[in-house]
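Heads up: the structure comes next, in structure tokens.
In what follows, chains carry the letters A, B, and so on, assigned in the order in which the sequence lines appear, proteins first and then strands, with residues in each chain numbered from 1.
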Number of protein chains: 2
Amino acid sequence: MVAPSLRARVRAGMIDEIKAVARRHLATDGANLSLRAVARDMGMVSSAIYRYFPSRDDLLTALILEAYDALGDAVEAADAGVDRADLRGRWHATCRAARTWALAHPAEYALLYGSPVPGYAAPEDTVAPASRPPLTLVGIIRDGFAGGRLDPPGAEPPEPVRSDVAELSALLAVDLPPSLLARGMAGWTQLFGLISFELFGRTNGMLPHRDEYFDHQTGLMADLIGLPAA
Amino acid sequence: MVAPSLRARVRAGMIDEIKAVARRHLATDGANLSLRAVARDMGMVSSAIYRYFPSRDDLLTALILEAYDALGDAVEAADAGVDRADLRGRWHATCRAARTWALAHPAEYALLYGSPVPGYAAPEDTVAPASRPPLTLVGIIRDGFAGGRLDPPGAEPPEPVRSDVAELSALLAVDLPPSLLARGMAGWTQLFGLISFELFGRTNGMLPHRDEYFDHQTGLMADLIGLPAA
DNA sequence: TCTCTTGCGAGAGCGGTGCTCTCATATCAG
DNA sequence: CTGATATGAGAGCACCGCTCTCGCAAGAGA
């Protein structure tokens with residue numbers, strides 16, 4: 001690997017700085033990111049930004065990708081920090097990490113999980129990083145089931161749900177009975193529903209003890225899945 | 001009540017027409033509603049709109065209020081259409097009505113349940129209509145509990161969740177044990193998490209049978225709550 | 001070392017946005 | 001019939017994303 005030229009390094013630094021400034025604007029001004037304001041903050045004229053990002057949407061896409069990666073990192077690190085056998089502890093740590101990241105980066109979370117930007121279509125590259133949190137969650141369930149510490153719930157879902165979920169199970173390469181994977185997906189849905197409700201102000205006022213409420217609600221889903229305590 | 005003057009009636013008609021055109025634009029162009037485009041569509045100049053709505057945000061607020069009411073109407077009508085004793089049937093009908101309305105009005109749903117618009121704070125008048133769907137859901141649970149057909153789950157939530165939820169129970173004037181209300185809120189969170197995931201493209205591709213998947217997932221929450229079949 | 005290509009920032013400009021102000025007119029009330 | 005009021009048009013301000021051109025500086029090749 002050849003050393004990048006000075007020009008290339010300066011360019012990479014500029015791209016990073018633009019993204020950093022844009023992230024700052026995102027945090028203060030919300031989702032309507034202004035290219036001109038970013039340029040002003042950098043002492044540049046707006047057209048100069050187009051040397052680095054072909055359009056505002058491309059800059060947004062870059063921010064979205066990095067946000068997905070940051071969330072994925074946080075979630076996976078939290079899971080990895082708990083004893084592999086402590087399934088319920090891993091579940092709670094994973095859920096909490098997602099919420100903590102979201103509370104620390106509300107604008108970026110809204111970019112990922114809020115209403116899609118009108119003319120904007122998420123490019124293909126986002127699906128892999130976007131699937132890291134749910135994969136972490138089903139990983140916990142897979143470990144429990146493979147280790148014989150997680151009994152599948154009695155009845156399988158009725159057709160055609162059973163086959164749909166079974167196909168998804170094969171696609172994800174997790175060897176789980178559909179009944180169990182369906183419950184895991186319920187936990188996934190619940191997790192981001194909880195975070196969105198809290199962040200978008202749907203539960204404002206009621207429930208003063210938000211941390212504890214969050215833990216209790218994610219615990220209910222752990223119950224539904226059947227995750228045993230450590 | 002005195003008959004409204006011609007001017008007043010014309011004015012009310014204008015307001016309605018502006019809202020109708022704005023709703024149409026919302027449906028086609030997404031959330032970034034353009035006042036000027038609405039004015040153009042009505043053969044008016046943009047400044048004339050300001051005779052009827054003091055700002056774009058006020059027009060959005062009016063649309064949001066009407067959307068909340070439409071969703072509330074749909075949800076309550078669905079619940080009312082099922083035999084009072086069929087708790088599980090009511091639960092499913094209510095959930096389905098919310099999803100059906102959302103699929104029919106995706107842009108308005110995104111306005112209600114998507115990321116909050118940056119500079120925009122939801123006015124006080126929205127909290128009452130916004131609470132109609134969750135109140136319908138807890139109403140089903142209340143009926144079941146009051147009728148002795150719904151056993152409270154074993155353990156109460158640990159403090160301070162128990163008292164928070166108990167206070168909420170008093171505020172809503174539903175006489176439910178916190179354990180049960182907490183599960184009802186889990187169902188509420190799950191419902192809108194499911195709809196948001198489906199509408200915002202989070203489950204694209206996987207799960208081809210969306211109706212059946214939705215029913216199964218809301219059924220899981222009915223199980224968690226303990227709602228008996230008819 | 002000298003040229004010459006390439007990358008980059010500045011600036012002007014286009015059509016769009018929300019919003020304000022002024023002015024003429026149409027409608028209503030007394 | 002007259003005076004107050006409500007309404008629409010139009011111009012204009014500051015902002016937006018984006019395009020194009022024009023100098024200038026840095027790197028590459030001879």
May I ask you to say what B/Leu33 touches in the nucleic acid, namely base, sugar-phosphate or nothing, with a heavy-atom cut-off under 4.0 Å? sugar-phosphate

Provide a list of protein-nucleic acid N or O atom pairs under 3.5 angstrom, restricted to nucleotides 19-25 of chain C.
residue, atom, partner, partner atom, Å
C/dC19, OP2, B/Tyr50, OH, 3.0
C/dC19, OP2, B/Arg56, N, 2.7
C/dC19, O5', B/Tyr50, OH, 3.4
C/dC19, N4, B/Arg36, NH1, 3.3

Can you pull the contact range of chain B along DNA chain D, 5' to 3', using atoms under 4.0 angstrom from its heavy atoms? D/dT5 to D/dG12

To the nearest angstrom, how far is B/Arg40 atom CZ from C/dG15 atom P? 13 Å

Apply the side chain to side chain contact (heavy atoms under 4.5 Å, CB included) test between A/Val38 and each candidate in A/Lys19, A/His25, A/Arg23; give the one that qualifies. A/His25

Checking all strands, does B/Phe53 fall into the base, sugar-phosphate, or nothing category for heavy-atom contacts under 4.0 angstrom? nothing

Output a table of donor-acceptor pairs, distance under 3.5 Å, between side-chain atoms of residues 39-51 of chain A and any protein atom two or more places apart or on a different chain; print 'none' if there are none.
residue, atom, partner, partner atom, Å
A/Asp41, OD2, A/Arg24, NH2, 2.8

Can you pull every protein N or O that's under 3.5 Å from an N or O on nucleotides 28-30 of chain C?
residue, atom, partner, partner atom, Å
C/dC28, OP1, B/Arg7, N, 3.4

Under a 3.5 Å distance rule, please check whether B/Ser115 uses its side chain to pair with a backbone N or O of A/Ser115 as donor and acceptor. yes

For residues 16-26 of chain B, which residues have at least one heavy atom under 4.0 Å from DNA chain D? none

Testing A/Leu35, A/Leu60, A/Ile15 for side chain to side chain contact (heavy atoms under 4.5 Å, CB included) with A/Phe53, which one passes? A/Ile15

Sequence neighbours left out, what passes ring-ring contact (aromatic ring centres under 6.0 Å, His included) with B/Phe197? Give chain and number order. A/Trp188

B/Asp58 and B/Thr61: side chain donor to acceptor below 3.5 Å: no

Between C/dC8 atom P and A/Met42 atom CE, what is the distance in whole Å? 13 Å

Can you sort out the partners of B/Tyr109 under side chain to side chain donor-acceptor pair (under 3.5 Å), two or more places apart, ordered by chain and number? B/Ser196

ring-ring contact (aromatic ring centres under 6.0 Å, His included) against B/Phe214, all qualifying residues, sequence neighbours excluded: none

Can you see which heavy atom on B/Val165 is nearest to which on B/Pro178, and at what distance? CG1-O, 3.6 Å

Per the side-chain hydrogen bond (donor to acceptor under 3.5 Å, both in side chains) rule, what does the pair list look like for residues 91-105 of chain A, sequence neighbours excluded? A/Arg96-A/Asp215, A/Arg99-A/Glu198, A/Arg99-A/Asp211, A/Trp101-A/His105

Contacts of B/Arg183 that satisfy salt bridge (Lys or Arg N to Asp or Glu O under 4.0 Å) - sequence neighbours left out: none

So, using side chain to side chain donor-acceptor pair (under 3.5 Å) as the criterion, who are the partners of B/Ser163 when residues are at least two apart? B/Glu159

Side chain to side chain donor-acceptor pair (under 3.5 Å) involving B/Asp73 - partner list, sequence neighbours excluded: B/Arg132

